[in-house]
Amino acid sequence: MGWKAAAGLLLLAACGGGPTGGSEPAPVVTMEPPAVTGAPSLPPTSVAPTPEGLIPVCDDIAWFTGPEELYLDHPVYVGNEMPINEVISYASTMEGFVEAWIDRVHNGWVNVGFTDVDLAAAQAELDDVFGGLGVVAVDLPHSHAELEEIRVRVQGVLPEGMDASNTHLLHGRVEVWISVLDPGRIRALAEAVGDEPVCVVGVPPEEAVLPGPQADAGDGWSYLGAFDDTVGALSVIGDVAGYIDLWASFDAGNPPPVNFETSVVLALEIGYSGSCRVTRLDGVEFSESAVRLEINTVTDDLMCTSDYNARTYLVALDRDRLPAPPFTIGSIDLPSGGQVIDDLREPGSTPTELEPAPTPEPVVGLPTIVETGFPTTALLDLSCGIEWVGELNR
């Protein structure tokens, strides 16, 4: 077999330990690759998820794995260089094969799931073919077809507003969307499904956007209206004439009064989904360099379509809450709306044209995964010095 872990160079930047300048080359440390031994053919006894409570949250359930004794310290796979495709190709010819997956907890080894087989014999066969490459046989409680049958049964008894569209082989359960992870909703689901293997997916109560009316005002702002029309993304109005012209474009009768000595009017266009049409302005965030509107989609749906529909929110902002120029203005989820270069804190002042928001400063750091064959750019802070530590993964 010709599979092997990827080779790479590990850069280490550490304050106090690395060079800070001068012509001295950084020390080079050679790291010998560790010896790789084959996984022992112990009788696997898969570790099943053991969630607390009657119906667990899907994200809290560990995936099935084999016994810990089978997982060795080497090989270590960093990216996707493990022989996953070769394992799937071979294992698909084995009796009871269900699925194979990468186990990131166990150094990127490949788990191979089976149902209703002699797992020790399956492990022995995998060792014969993939010995030393990190492949472990795992017992799964359900096949694809079995879990789909369960899903159909569960879907038929769900309370209104819940959905069982997904299954997850690797924790052996049907995933039920219940919108908000409220204890009452979870109890209602438990009464409906009995002992079926399910878990719940939803939004934590503290993060949920619950149905409710649009607030008229908040700290430093007041709501003027929302219209399914466009203003070209963003507009800031500082006088009565501009406000009347803007409002007339919406054909909405008389505008609410605004005192432009103490306020400016912001018109911000957002995009909403055609399947999740209800949005709500829930707050305005003022900082030293930005003003951000928090506009949320209010829905119980599991998914919203990604079609763009224009909606413009009009908001009066207190001048004394605005930052000193220049500052950016936009929505919290899309912060780079535009840049204001005028001091709008002055009573009665009107803004000139908005400038494009500046490009955010690049973030210092390495990507989560650096994989052989895929060049990656990373921004490093050289102030602490850099040492070449040596090869990673042989």
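Residues take their numbers from the sequence shown, with the count starting at 1.
- Remark: side-chain polar atoms of Asp103 are paired, donor with acceptor, to backbone N or O of Val105 under 3.5 angstrom.
- At a threshold of 4.5 Å between non-hydrogen side-chain atoms, the residues Val193 and Leu158 count as touching.
- Counting only distance, with no hydrogens or angles, the side chain of Glu355 and the backbone of Gln339 share no donor-acceptor pair below 3.5 Å.
- In terms of modelled atom types and a separation under 3.5 Å, the side chain of Ser273 and the main chain of Thr305 share a donor-acceptor contact.
- Side-chain N or O atoms of Gln123 include one that pairs as donor or acceptor with a backbone N or O of Ala137 at under 3.5 Å.
- Between the Asn309 side chain and the Tyr272 main chain, a donor and an acceptor come within less than 3.5 Å of each other.
- Proximity of a side-chain donor or acceptor of Asp307 to a complementary backbone N or O of Gly274 within less than 3.5 Å is detected.
- The two residues Arg185 and Ser179 make their nearest non-hydrogen contact at NH2-CB, 4.3 Å.
- Distance alone, capped at 3.5 Å, is enough to place a donor-acceptor pair between the Thr312 side chain and the Asp229 backbone.
- In this structure, OG1 in Thr352 is found 4.0 Å from CD1 in Ile341, a value given to the nearest 0.5 Å.
- Side-chain contact, Thr279 with Arg311: a donor N or O sits under 3.5 Å from an acceptor N or O.
- If you chain together hydrophobic residues whose side chains sit under 4.5 Å apart, Leu72 and Val87 fall into the same group.
- Dense packing is recorded around CG of Asp128, with more than 12 heavy atoms of other residues, nucleotides or ligands lying under 6.0 Å away.
- Ring geometry, His106 versus Tyr71: the interplanar angle falls under 30°, so the pair is classed parallel (tilted spans 30 to 60°).
- For Glu95, the CD atom is loosely surrounded, since the number of other residues' heavy atoms within 6.0 Å does not exceed 12.
- Contacts classified as side chain to side chain donor-acceptor pair (under 3.5 Å) and involving residues 206-220 (residues at least two apart or in different chains) are given here: Asp219-Arg321.
- Using modelled atom types, no side-chain atom of Arg151 and backbone atom of Asn166 make a donor-acceptor pair closer than 3.5 Å.
- Between the CD1 atom of Ile88 and the OG1 atom of Thr93 there is a distance of 12.5 Å, given to the nearest 0.5 Å.
- Residue pairs meeting the side chain to side chain donor-acceptor pair (under 3.5 Å) criterion with at least one member in residues 238-260, sequence neighbours excluded, do not occur.
- Atoms CD1 and CG, from Ile329 and Leu293 in turn, are 7.5 Å apart once rounded to the nearest 0.5 Å.
- The backbone N or O of Arg345 sits nowhere less than 3.5 Å from a side-chain atom of Arg319 that would complete a donor-acceptor pair.
- No more than 12 heavy atoms of other residues, nucleotides or ligands shown are found within 6.0 angstrom of CG on Asp59.
- Using modelled atom types, no side-chain atom of Asn107 and backbone atom of Trp109 make a donor-acceptor pair closer than 3.5 Å.
- For the residue pair Ser331 and Tyr313, no side-chain donor N or O sits within less than 3.5 Å of a side-chain acceptor on the partner.
- When only modelled atom types and interatomic distance are considered, Ser287 and Arg292 share no side-chain donor-acceptor pair under 3.5 Å.
- Distance check, rounded to the nearest 0.5 Å: CG of Leu140 to CG of Leu147 gives 10.0 Å.
- Proximity of Cys199 to His168: side-chain heavy atoms (C-beta onward) are nowhere separated by under 4.5 Å.
- Here the CG-CD distance, from Asp118 to Glu125, works out to 11.0 Å after rounding to the nearest 0.5 Å.
- In this structure, Asp318 CG and Asp320 CG are separated by 5.5 Å, a value rounded to the nearest 0.5 Å.
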